[in-house]
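Proteins get letters first, then strands, A, B, ... in listed order; numbering begins at 1 in each.
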2 protein chains.
Amino acid sequence: MPKGRKRQNRKRIGRWTAQRLAVLDEFLQGGEHLSARDVYQRLREKEINLGIATVYRSLDFLIEIGLLRQYDFGSGEAKYELNDDEADQHHHMVCRVCGKVINYSKFVKRGLSLVKDIKMELEKNYGFKINSHQFEFRGVCGVCGD
Amino acid sequence: MPKGRKRQNRKRIGRWTAQRLAVLDEFLQGGEHLSARDVYQRLREKEINLGIATVYRSLDFLIEIGLLRQYDFGSGEAKYELNDDEADQHHHMVCRVCGKVINYSKFVKRGLSLVKDIKMELEKNYGFKINSHQFEFRGVCGVCGD
DNA sequence: AAGCTAATGAGAAAGATTATCATTAGCAAT
DNA sequence: ATTGCTAATGATAATCTTTCTCATTAGCTT
Ligand SMILES: [Zn+2]
Ligand SMILES: [Zn+2]
Ligand SMILES: [Zn+2]
Ligand SMILES: [Zn+2]
């Protein structure tokens, strides 16, 4: 996560401004793995013009309240997507040549008990409170291979 | 998220220069989760002065030949470490407050068959050739919590 | 309507990584 | 050892994503 500015501890929830709603809406309308610039440009095409800094701030806000999640797939920019709840969680496979990202959700159920055990172990041995996990596979996609 | 542009494809053959050996040696001597700047500064303290660009190029080279691996733990800079072979692989738990990274290797064996099945499924359904995977847990460490 | 303060916009700044290019050095063949 | 070829290096500029600054706007609350 970028070295964001320090966040105040006991603040109330932020305000639902038109800009934040517009950013969220891009994801609700199906946007997957969008970068800040992606969101910025999509809104621009709809003549909704917000500053790029506001896009970043809105994304941070939406992460803070739990609606979005941030990923780094190695493209040089952070990607964002809706934050599934645990049971529906999906994971990612990334092509290391073209950067294509594929969602998969098979085996999530089968992995759940393993995840639960790891969480317990980590919390017991290291005093961590685990909030989230991600499994990521890297390789070469069919187009880039051969 | 590491800033800067995407890594470009570069040629494959390489020479074992003193600089590349020096960079590798930092990891062989026990360096874990080092950033390019970490490596640069450690070598500097030993009066081995290479340019920061050469550090980056050496890290890329060492990744290319399979000796190193790159991670992004959200600190804003990429981290590098020795590339374990599959059976000894470890995974990471990251504190989202202070950025501390902990290695853990428990449950790796138990996860192996799950990983194998996921790989087969992904290769069959999507035509991917999987090279690596990583499991990452995020949360708050004992120092930062409470 | 007034007052408070969070949020915004524009642009500057920061910071990590990559590109450029003249120079150096590793390697192979002589 | 010398020559010749070419990859690698060093210094630095450029690039790109993300954050900071600060004057202004807008969302709540009273
Ligand atoms: Zn591909
Ligand atoms: Zn996804
Ligand atoms: Zn911590
Ligand atoms: Zn590690």
Side-chain angles (χ1 to χ4, degrees), chain A residues 1-25 33-44 47-65 68 70-80 96 99, chain B residues 1-25 33-41 43-44 47-65 68-80 96 99:
Chain A
M1 167 97 79
K3 44 201 148 313
R5 81 171 50 157
K6 199 146 203 169
R7 281 168 182 152
Q8 305 277 353
N9 216 6
R10 282 191 172 264
K11 234 182 235 152
R12 273 163 263 163
I13 195 170
R15 297 169 176 168
W16 277 105
T17 62
Q19 289 90 341
R20 289 170 171 182
L21 285 168
V23 169
L24 174 59
D25 205 42
H33 311 145
L34 302 181
S35 68
R37 187 155 300 273
D38 290 335
V39 173
Y40 176 74
Q41 285 169 343
R42 287 183 179 213
L43 291 175
R44 239 167 197 240
E47 319 219 356
I48 303 173
N49 295 329
L50 21 166
I52 185 71
T54 297
V55 173
Y56 278 105
R57 286 181 293 221
S58 297
L59 292 167
D60 285 348
F61 168 77
L62 294 167
I63 288 173
E64 217 166 317
I65 64 175
L68 292 188
Q70 186 190 57
Y71 293 94
D72 171 42
F73 297 129
S75 68
E77 55 189 1
K79 298 292 180 67
Y80 303 82
R96 65 162 198 252
Chain B
M1 183 93 15
K3 296 167 181 172
R5 49 175 70 167
K6 190 173 165 182
R7 192 205 319 286
Q8 75 165 20
N9 293 331
R10 57 179 75 245
K11 282 179 205 159
R12 44 188 64 168
I13 287 288
R15 295 168 177 170
W16 276 105
T17 63
Q19 290 89 341
R20 288 171 172 181
L21 285 168
V23 169
L24 175 59
D25 206 40
H33 311 148
L34 302 180
S35 68
R37 187 155 301 271
D38 290 335
V39 172
Y40 176 75
Q41 285 170 343
L43 291 175
R44 230 157 210 247
E47 320 218 357
I48 304 172
N49 294 330
L50 19 167
I52 185 71
T54 298
V55 173
Y56 277 105
R57 284 181 294 223
S58 297
L59 292 168
D60 285 348
F61 168 75
L62 293 167
I63 288 173
E64 220 166 314
I65 64 176
L68 292 187
R69 235 182 124 156
Q70 188 189 57
Y71 293 94
D72 169 42
F73 297 129
S75 67
E77 55 190 1
K79 298 293 180 67
Y80 303 83
R96 67 162 196 251

Separation of atom CG in A:Leu24 from atom P in C:dA7, rounded to whole Å: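 Distance check: A:Leu24 CG to C:dA7 P gives 16 Å.
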Spacing of A:Asp60 atom CG relative to D:dT18 atom P, expressed in whole Å: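 That distance rounds to 10 Å.
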Phosphate-side-chain proximity, B:Thr54 and D:dA8, N/O vs OP1/OP2 below 4.0 Å: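 Checking D:dA8 against B:Thr54, no side-chain N or O comes under 4.0 Å of OP1 or OP2.
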Helix axis bend for the helix from C:dA1-D:dT30 to C:dT30-D:dA1 - C1'-based end axes, five pairs, 10° rounding: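 Both end axes considered, the difference amounts to 40°.
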Side-chain N,O (B:Tyr56) to OP1/OP2 (C:dT18) below 4.0 Å: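 So the side-chain polar atoms of B:Tyr56 never come under 4.0 Å of the phosphate oxygens OP1 or OP2 of C:dT18.
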Phosphate OP1/OP2 of D:dT17 contacted by A:Ser35 side-chain N/O (<4.0 Å):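 Answer is no, no contact under 4.0 Å.
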Donor-acceptor pair present, B:Arg37 side chain and C:dG15 base, under 3.5 Å: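 Side chain to base: no pair present.
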Candidate pair B:Leu59 and B:Tyr80, rule side chain to side chain contact (heavy atoms under 4.5 Å, CB included), full reasoning: CA-CA 8 Å; B:Leu59 292 168; B:Tyr80 303 83; 3.6 Å; yes
Gap separating the CZ atom of B:Arg69 from the NZ atom of B:Lys79, nearest 0.5 angstrom: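 If I round to the nearest 0.5 Å, the distance is 15.5 Å.
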B:His33 ring center within less than 6.0 Å of B:Tyr71 ring center: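 When the ring centroids of B:Tyr71 and B:His33 are compared, they turn out to be at least 6.0 Å apart.
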Sugar-phosphate, base or nothing in reach of A:Leu50, heavy atoms under 4.0 Å: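 Sugar-phosphate, no base atom in range.
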Sugar-phosphate only, base, or nothing, as touched by A:Asp72 at under 4.0 Å among non-hydrogen atoms: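 Here A:Asp72 touches no strand at all.
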Side-chain heavy-atom pair B:Val23, B:Thr54 within 4.5 angstrom cut-off: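 The answer is no; the side chains never approach within 4.5 Å.
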A:Arg20 side-chain N/O to C:dA7 phosphate OP1/OP2 under 4.0 Å: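 For A:Arg20, the contact criterion (side-chain N or O under 4.0 Å from OP1 or OP2 of C:dA7) is met.
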D:dA26 phosphate, OP1 or OP2, under 4.0 Å from A:Gln19 side-chain N/O: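 Checking D:dA26 against A:Gln19, no side-chain N or O comes under 4.0 Å of OP1 or OP2.
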Distance in Å, B:Asp60 CG paired with B:Ile65 CD1, rounded so as to fall on 0.5 Å steps: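 The distance works out to 11.5 Å.
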Atom-to-atom span, CZ of B:Arg44 to P of D:dG10 - whole angstrom: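 It works out to 11 Å between those atoms.
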No-hydrogen, no-angle side-chain donor-acceptor test under 3.5 Å, A:Tyr40 and A:Arg42: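 Not at all, the side chains of A:Tyr40 and A:Arg42 share no donor-acceptor pair under 3.5 Å.
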Whole-Å distance separating the CG atom of B:Leu34 from the P atom of C:dT17: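 B:Leu34 atom CG is separated from C:dT17 atom P by 13 Å.
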Comparing B:Thr17 and B:Ile52 on DNA chain D - which has the more 5′ nearest nucleotide: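 In this pair, the answer is B:Thr17.
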Separation between CD1 of B:Ile52 and CZ of B:Arg44, rounded to the nearest 0.5 Å: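 The CD1 atom of B:Ile52 sits 9.0 Å away from the CZ atom of B:Arg44.
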First of B:Trp16 and B:Ala53 reached from the 5' end of DNA chain C, by closest nucleotide: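 The residue closer to the strand's 5' end, by nearest nucleotide, is B:Ala53.
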For atom CG of B:Leu43 and atom P of D:dT9, their distance in whole Å: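 About 13 Å, once rounded to whole Å.
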